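The next block holds one structure in the form of structure tokens; read it before the comments.
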Number of protein chains: 2
Amino acid sequence: MPVGFSPEEMQRIDAVVEKRRRVRQGEALYNNGDDFTALYAIRSGFFKTCVTSNDGREQVTGFQMAGEVIGMDGIVNDNHNCSAVALEDAEVCVMPFTMIEEMSRDLPALQRHVHKIMSREIVRENGVMLLLGNMRAEERLAAFLLNLVQRLHARGLSQSELVLRMSRDEIGSYLGLKLETVSRSFSKFSEEGIIEVRQRYVKILAPDALKKIFNPQTYV
Amino acid sequence: MPVGFSPEEMQRIDAVVEKRRRVRQGEALYNNGDDFTALYAIRSGFFKTCVTSNDGREQVTGFQMAGEVIGMDGIVNDNHNCSAVALEDAEVCVMPFTMIEEMSRDLPALQRHVHKIMSREIVRENGVMLLLGNMRAEERLAAFLLNLVQRLHARGLSQSELVLRMSRDEIGSYLGLKLETVSRSFSKFSEEGIIEVRQRYVKILAPDALKKIFNPQTYV
DNA sequence: CGCCGCTTTGAGGAGGTTCAAACACAGTGG
DNA sequence: CCACTGTGTTTGAACCTCCTCAAAGCGGCG
């Protein structure tokens, strides 16, 4: 959330953010087609968002963690275009979008903040498109791990150890790979001593090797 | 642009939109890294937007035509995250973003409009991710052609004939395929009597067949 | 006409998928 | 306590799609 508001302003902002909602592991915060009413700020827990083609193929479009905002997909058509499912028990702030719009008319800093959040999502998706369109399996997985650990580190967690909240299948869906390919790539990294893997526990032993895989040119 | 404004409001909106800029074929409207100052509404012409990885791989993230707005990628970091290149001579409205923000504080309908445009872009990119992550070459190309012709049709052009503004290479980059694969898929469609192709001229002979390829399940 | 960029087409190869089986681990119940 | 089940993961082998490399074709323009 942005900073630099007066006490009264903070009070108004708090009002938007006061409503909470708990989502249990496996439950959806919202589903494709649901009416759009609010954006959600994740207070705790871990989500995946995914879209589905009408013949049933699913694409995970992102994994979101505490501090991130989801639901922007619903604004265009007043109903959600994707589903957000909790990968672990979670709590979110429900921020009614009409209130956000109302307030951001009075508070330029908030307005700018909202715009930045949406723009950040556009830029993130540009990056995923680059990954899906150009990278090979191991590059994708390296990029994924580096991104994940970097975000976790920004939240005070380790920059080398992590416990994946999602299955191989969900990683594969996000990266445009089959779960077997994800598993094989994990094994390969492990054999090469780059990471240590035991199920969902991952320890990054050689972050530079991962970065080199992700972006070969830089290190040649 | 939204509707339902009073005369004075329209006047203010016109002021935002009054500045024009011409971009010749092959020139960039903005480049990756450029300072972000404005959004651009395309008045005429055709653009591609693309991101580049630091080892030089390029991913076309979209093709944009008259009536569409580009530049939202620049809002987060106050500089552009991708490049927008004209594929044919083009003219855009330069809409300074500070003016957009200022005005949308006064005009809720404009504010909502801005939000929708950004949300639409997020949703569009979700769709591309689904395409890149799940579809095979011919499905991608079918989806691409159908999307293109639908957008052209919405602008009063034919719903069966079109002239591609982009090369096979650019189509391939957008679809996560090599140009040869794009070319082969075109040829395959042509052999099957689904389309007629001569270089960049394409005529869709059997739109239903294309739709069937794009989304097999629906027609089984 | 001859050059150049783009496109088409072919042949061979690589990376990822598919199918299948075995394994790990958590939870359940005898 | 341990076998039993179910879900998720790993690993192997065969296959397929798409990529790579190469050459020829097309079309526009000086």
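Below, all heavy atoms of this structure are taken into account, side chains as well, without hydrogens, waters or symmetry copies. Bear in mind that the values here come from a model prediction, so they are computed numbers and not experimental data.
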| said: Of the options C/dT8, D/dG8, C/dT18, whose atoms approach the side-chain atoms of A/K178 most closely? | reply: C/dT18

| With a 4.0 Å cut-off on heavy atoms, is A/S183 in touch with a base, just the backbone sugar-phosphate, or nothing at all? | base

| task | Remember a base hit wins even if backbone is also touched, and classify B/G176 as base, sugar-phosphate or nothing at under 4.0 Å, heavy atoms. | result | sugar-phosphate

| For A/F189 and A/L210, what are the C-alpha separation, side-chain angles and deciding distance, and is it a side-chain contact (heavy atoms from CB on, under 4.5 Å)? | CA-CA 9 Å; A/F189 287 171; A/L210 269 191; 3.8 Å; yes

| Phosphate-side-chain proximity, B/T181 and D/dT17, N/O vs OP1/OP2 below 4.0 Å | no

| When you measure from the side chain of B/S187, which nucleotide among C/dT8, D/dT17, D/dT10 comes out closest? | C/dT8

| request: Examine the base of C/dC19 for any acceptor or donor lying under 3.5 Å from a partner atom in the side chain of A/E180, and report the outcome as yes or no. | output: yes

| task | Check every atom of D/dT11, C/dA24, C/dT9 against the side chain of A/R184 and return the nucleotide holding the closest atom. | result | D/dT11

| said: Let me spell it out: for each of B/E191 and A/V182, pick the nucleotide of DNA chain C with the closest heavy atom. Which residue's pick is nearer the 5' end? | reply: B/E191

| request: Using a heavy-atom cut-off of under 4.0 Å over every strand shown, decide if A/L179 touches base, sugar-phosphate, or nothing. | output: base

| Side-chain-base donor-acceptor pair under 3.5 Å for B/R200 and C/dT8 | no

| Could you go step by step and tell me if B/E68 and B/R124 meet the salt bridge (Lys or Arg N to Asp or Glu O under 4.0 Å) rule? | CA-CA 12 Å; B/E68 297 176 337; B/R124 184 190 73 80; over 6 Å; no

